[in-house]
Protein chains: 2
Amino acid sequence: MILGGDCLVDLAPFAYLNERYDGELAVLWVDTHPDIMTPAQFNHAHAMVLGNLMGDGDRDFTQAVKCPVKPENVLFVGLHDPTEWEAGEIRRLGLKNVGPAELGQKGSQSVLDWFKSTGAKHLAIHLDLDVFNPKLFHALLFAEPNVPADTFEGIAQGELTMTQVIQVLDDVSAVADVVGLGIAEHLPWDVLALKTMLTRLPLIGRTTERDGS
Amino acid sequence: MILGGDCLVDLAPFAYLNERYDGELAVLWVDTHPDIMTPAQFNHAHAMVLGNLMGDGDRDFTQAVKCPVKPENVLFVGLHDPTEWEAGEIRRLGLKNVGPAELGQKGSQSVLDWFKSTGAKHLAIHLDLDVFNPKLFHALLFAEPNVPADTFEGIAQGELTMTQVIQVLDDVSAVADVVGLGIAEHLPWDVLALKTMLTRLPLIGRTTERDGS
C-alpha cells in the first residue's frame, strides 16, 4: 500500500509484484489519464509510468522493469478523452477501458468480466485521485484555487465519484487477490493554504520570528 | 491560541482575557456572521458567542462571563448581509464593521483607526474560517460537496481571500498586543472523504476486517 507522491510511486512496487507473480499480475489503472506517454510526447515521468510498466518509454525507468506487464492484463477505469497520440497508442497496445459513462451504466460488471478474462489471480490497483470530479473532491491539481478558468483547458479532468470507485474496488477485490494498492496525486490545497496562513498570523508565525525561536 | 471547534471555543478564553485586562480588551471578530444571536433567534450556541461575551444571550453561557466586553471595543471584519434581526441588534449595540467592500477599497486603515479609538492595548482575534470565499478555500461548511445548490440559500457566505485576512491581522498586530487568537469552523471535507474511502478499500479497511484485526 502506497499513499502520496505522483503516479511514478507505483513503478517499482508494481514491477516487483509482476516479477513475483511470474508475469501474470493484473493491473487496474483507475485514472483519468493513461500514463503511457514517452519522453517524445511529454517530459514528466509521472505521465509515463504505465508505459514503463509495460516495457515502453524512458530507458531510465524501463530498466527497473525486468518483467513487463502484459497489455491484456491492464484495464483502465475512468479514462476519458485521451490525446490523439494516446488514443493511437491505446489501440496499438489493445488496452481496454471502462470509462465514466460505461461505469455509470453498468457498474462493476465490465471490470469483473475483464479480470476473469485475464486468468490472473493477483491484482495491483493504481488509484490516481484525479479520477475524481474536482468539483466534489478538491485535493487535486485540477482544483487549484485562484487560477484562470482556462488553466487546465484541453486536459481531461476526473468524472467519477468516490462512491463509484469504492464500489468497483470493493467488487473486484471480492474475486481477485489484491496484492498492491497505490494512491497517487494527492494535492491538499486547503491544508497548504491553512499552513501558510498559520505561519503568518500573530501569536504563531510572527511572534515566533520576533522571539528568534 | 485555539484552533478547531466551532465559534464557541472562543467564549471562555476571551472572557478570561477581558477580566485579566480589567475590561479593556479589544476584540476583532473576523467573521461573515455577527455571532450575536440569542436562543430566541437560533438554537445553536456557536451563533451566540460574541453576544455572550458582551453579556447577552443564553444564561448558561453568560454566567461564564464575569466582565462583559464593551461593544465599542468590538470590530467585525468581513461581516456582510446580516439578518434583519442581527442588523437591528448591531445598530442597538453600536457595533462597527469593516465589510468585504471597505476592506477591498481601504485595506487595513479602518481597522487601525478603530483600534486606536478604543484606547485598548490588548487585542483578541476571532477568526471564523467561513469568512473566506468557499470557492477558494473548501474546508468550510459552505463548501460541502454533493449537496443541492440551494442548501445554504439565504445564509451569508465568505467573501474574503486569505491574503486579505493575513494582511489585516499583520497590520493590526504591529500596533496592538495580540493576546488571543481563536480560529474556528474548520471543516476539511476532502480529508474526511479520503479517510472514509481509505477505510473501505482493499488492503486497508476491508482486509483488516477479514483478518479480524
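Every chain is numbered from 1 and lettered A, B, ... according to where its sequence line falls, protein lines coming before strand lines.
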Could you give the distance from OG1 (B:Thr199) to CD1 (A:Ile166), rounded to the nearest 0.5 Å?
7.5 Å
How far apart are the C-alpha atoms of A:Asp190 and B:Leu140, what are their side-chain angles, what is the distance that settles it, and do they pass the side-chain contact (heavy atoms from CB on, under 4.5 Å) test?
CA-CA 10 Å; A:Asp190 295 335; B:Leu140 302 173; over 6 Å; no
Answer yes or no: is there a side-chain heavy-atom contact under 4.5 Å between B:Leu198 and A:Ile183?
yes
Step-by-step side-chain contact (heavy atoms from CB on, under 4.5 Å) determination, B:Arg200 to A:Val165:
CA-CA 10 Å; B:Arg200 296 196 48 195; A:Val165 170; over 6 Å; no
Is there a side-chain contact between B:Leu169 and A:Pro202, using heavy atoms and a 4.5 Å cut-off?
yes
Heavy-atom cut-off 4.5 Å, strictly under: side chain, backbone, both or neither for B:Met197 against chain A?
both
If I take atom OG1 from residue B:Thr163 and atom CG from residue A:Asn146, how far apart are they, to the nearest 0.5 angstrom?
7.0 Å
What part of A:Val179 gets closer than 4.5 Å to chain B, counting heavy atoms only: side chain, backbone, both or neither?
backbone
Report the distance from atom CG of B:Leu194 to atom CZ of A:Phe132, rounding to the nearest 0.5 Å.
8.0 Å
Would you say the side chain of B:Leu127 lies within less than 4.5 Å of the side chain of A:Leu201, judging by non-hydrogen atoms?
yes
